[in-house]
Protein chains: 2
Amino acid sequence: MTTSSDNGATAPTVSTQIHLASRPTGWPTPENFSTVRVDLPDLQPGQVRVANTFVSVDPYMRGRMNEGKSYVPPFAVGEAMTGGAVGEVVASTADALPVGTTVLHQQGWRDVAQGDAAGFTAVQRVPGVSDSAFLGILGMTGLTAWVGLTTIASIREGDTVFVSGAAGAVGSAVGQIARQLGAKRVIGSAGSAEKVRLVTERYGFDAAFNYKDAPVREQLPEHAPDGVDVYFDNVGGDHLEAALDVLNRDGRVAVCGAIAQYNTTEKTPGPDNMANIVKQGLTLRGFTVGFHLDQAAEYQQAMGPWLRDGKVVTDETVIDGIDHAVDGFLAMMRGENVGKMVIRTR
Amino acid sequence: MTTSSDNGATAPTVSTQIHLASRPTGWPTPENFSTVRVDLPDLQPGQVRVANTFVSVDPYMRGRMNEGKSYVPPFAVGEAMTGGAVGEVVASTADALPVGTTVLHQQGWRDVAQGDAAGFTAVQRVPGVSDSAFLGILGMTGLTAWVGLTTIASIREGDTVFVSGAAGAVGSAVGQIARQLGAKRVIGSAGSAEKVRLVTERYGFDAAFNYKDAPVREQLPEHAPDGVDVYFDNVGGDHLEAALDVLNRDGRVAVCGAIAQYNTTEKTPGPDNMANIVKQGLTLRGFTVGFHLDQAAEYQQAMGPWLRDGKVVTDETVIDGIDHAVDGFLAMMRGENVGKMVIRTR
């Protein structure tokens with residue numbers, strides 16, 4: 001890094017970006033995307049150019065590929081998609097973000113980002129921890145687990161907590177954070193025997209089952225002899241229905257996205273046991289982390305020591321190269337990742 | 001009333017009681033019930049005998065006719081059913097409840113009740129108001145509306161509130177209390193043109209529609225151009241689905257029983273738009289008033305002046321005679337009542 005790069009003289013001038021070529025119907029295919037190389041304009045005053053190190057692919061992005069009302073605006077057809085990314089400032093006309101600063105921002109799905117400094121947040125790198133953690137356990141993923149358990153599900157000491165997608169980035173964080181917050185029993189579901197082992201052996205859940213082995217409705221009660229107090233719902237559908245069967249009085253459900261539903265263009269019937277919501281006085285609350293970013297500082301203060309002391313462990317699946325970002329996204333949607341799925345772009 | 005009745009000398013000695021003869025499957029029929037005349041034993045020390053003036057019939061009682069786990073224990077087959085009732089002490093061996101005291105208690109479904117004084121609560125009669133109000137707007141019915149709007153749905157000033165079953169005892173209270181608590185717009189559904197008129201003209205809702213005229217999903221959006229912030233759900237099914245379509249961000253649903261579901265022995269599919277819970281950050285919370293009785297005093301303090309000043313009005317449908325209690329219950333389940341359904345037993 002030389003000072004001459006302050007004006008971008010040695011910084012990359014081309015950005016490779018993934019555009020949404022057309023809106024998918026049901027499962028996306030590679031044809032719904034295109035890879036575009038864009039010549040970057042010179043920096044305006046107060047801007048930065050950032051060489052991304054890692055960009056994030058997340059389930060919620062599928063929703064943004066649709067038209068219409070959602071909790072985040074849809075991606076525009078023919079334009080670069082966006083999403084979480086971490087990178088290093090390689091050119092800057094903004095005093096607050098000099099060259100060499102590591103920044104977190106929302107210009108993902110590309111290898112080089114550029115824009116007003118206000119859109120980029122400097123982060124403190126953690127020694128020995130990959131910068132990709134800012135896209136996962138130290139970022140939105142971990143915060144999602146934290147907000148869902150605390151603000152949304154009001155977790156209490158002694159609760160039995162059930163998490164679907166327990167081998168996933170959010171799910172594995174949910175189980176481990178629940179434990180740190182005093183859960184008595186933590187139960188998870190996952191989609192393969194290998195993931196089930198990971199959930200119990202590596203993430204320390206008390207019990208886990210493979211939801212492909214038998215109906216969730218049959219398996220969950222065996223693992224929850226005293227019922228469930230908190231269900232952290234990552235998938236909806238049969239899992240939610242099974243949870244409603246066994247939730248204890250005053251049980252709480254944090255409804256966090258629903259991969260199974262993102263790809264469904266037809267409306268699908270909800271749980272057949274909604275009456276339990278009244279009978280047991282249950283609370284179902286949906287949320288997206290974007291509305292709870294004010295809790296990030298509190299969360300990072302809690303998570304820092306847990307990570308440092310090895311009380312919380314995390315995994316990630318890394319796909320190399322911006323040209324393989326779509327492959328990574330589709331693999332993540334198919335559940336092929338272990339832990340957080342990221343694309344390494346540098 | 002003479003002092004001689006203190007030992008029960010002139011008080012009735014026979015209680016006409018409605019027993020559950022067999023558990024209904026689906027809709028109850030008269031054959032599921034029997035009328036039994038019981039000779040009452042002499043009072044033990046600390047007991048009262050009460051001539052009921054009014055007994056209550058309520059939707060939740062259908063649930064108690066089933067076997068199995070519910071929020072209240074099931075009625076026993078071959079025994080008298082129970083429920084809210086108001087009456088006058090006609091014999092007493094309890095100093096705290098002398099003859100002539102008006103009491104509220106849970107020995108309904110009979111014309112004469114008897115038991116330990118601890119099961120009976122003295123109430124302050126309101127001049128010019130029928131004692132039946134203690135079974136309705138001043139009792140559990142009104143408290144249900146209050147708890148649902150305040151504790152469960154966290155109503156805020158300026159909210160748009162939608163209520164199903166708006167001509168019913170709870171529904172009409174919900175709309176009027178919501179107005180007093182600052183709702184901007186109050187919308188109701190009801191099952192006939194006559195009830196729709198009642199809801200707008202007598203109960204002062206801003207809009208109402210007949211859910212039998214066209215699908216709720218088509219009608220509700222027309223009456224909620226700015227969406228809905230709070231949905232007070234008395235019926236479940238198509239109404240909940242329609243509400244989930246139009247609930248605004250951070251919308252709240254108080255799920256209060258579900259008449260449509262009480263008579264269903266088969267499991268019925270839930271709403272097809274559960275994904276909106278996440279998209280809009282909605283909260284669905286089920287409740288039964290029995291867990292919130294500690295709010296009764298606060299509620300009655302609020303409701304007293306509203307009733308006195310005519311800001312809240314109430315209706316009731318009265319069926320005469322304990323021998324017609326089952327007819328009254330079934331008529332209420334079919335939605336034939338206007339306002340609270342009560343049986344006059346004296």
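In what follows, chains are A, B, ... by sequence order, proteins preceding strands, each numbered from 1.
The two residues A/Pro271 and B/Met274 have their closest heavy-atom pair at CD-CE, 3.8 Å.
Between the CD1 atom of A/Ile152 and the OG1 atom of B/Thr283 there is a distance of 7.0 Å, given to the nearest 0.5 Å. Distance check: B/Ile277 CD1 to A/Leu240 CG gives 7.5 Å after rounding to the nearest 0.5 Å.
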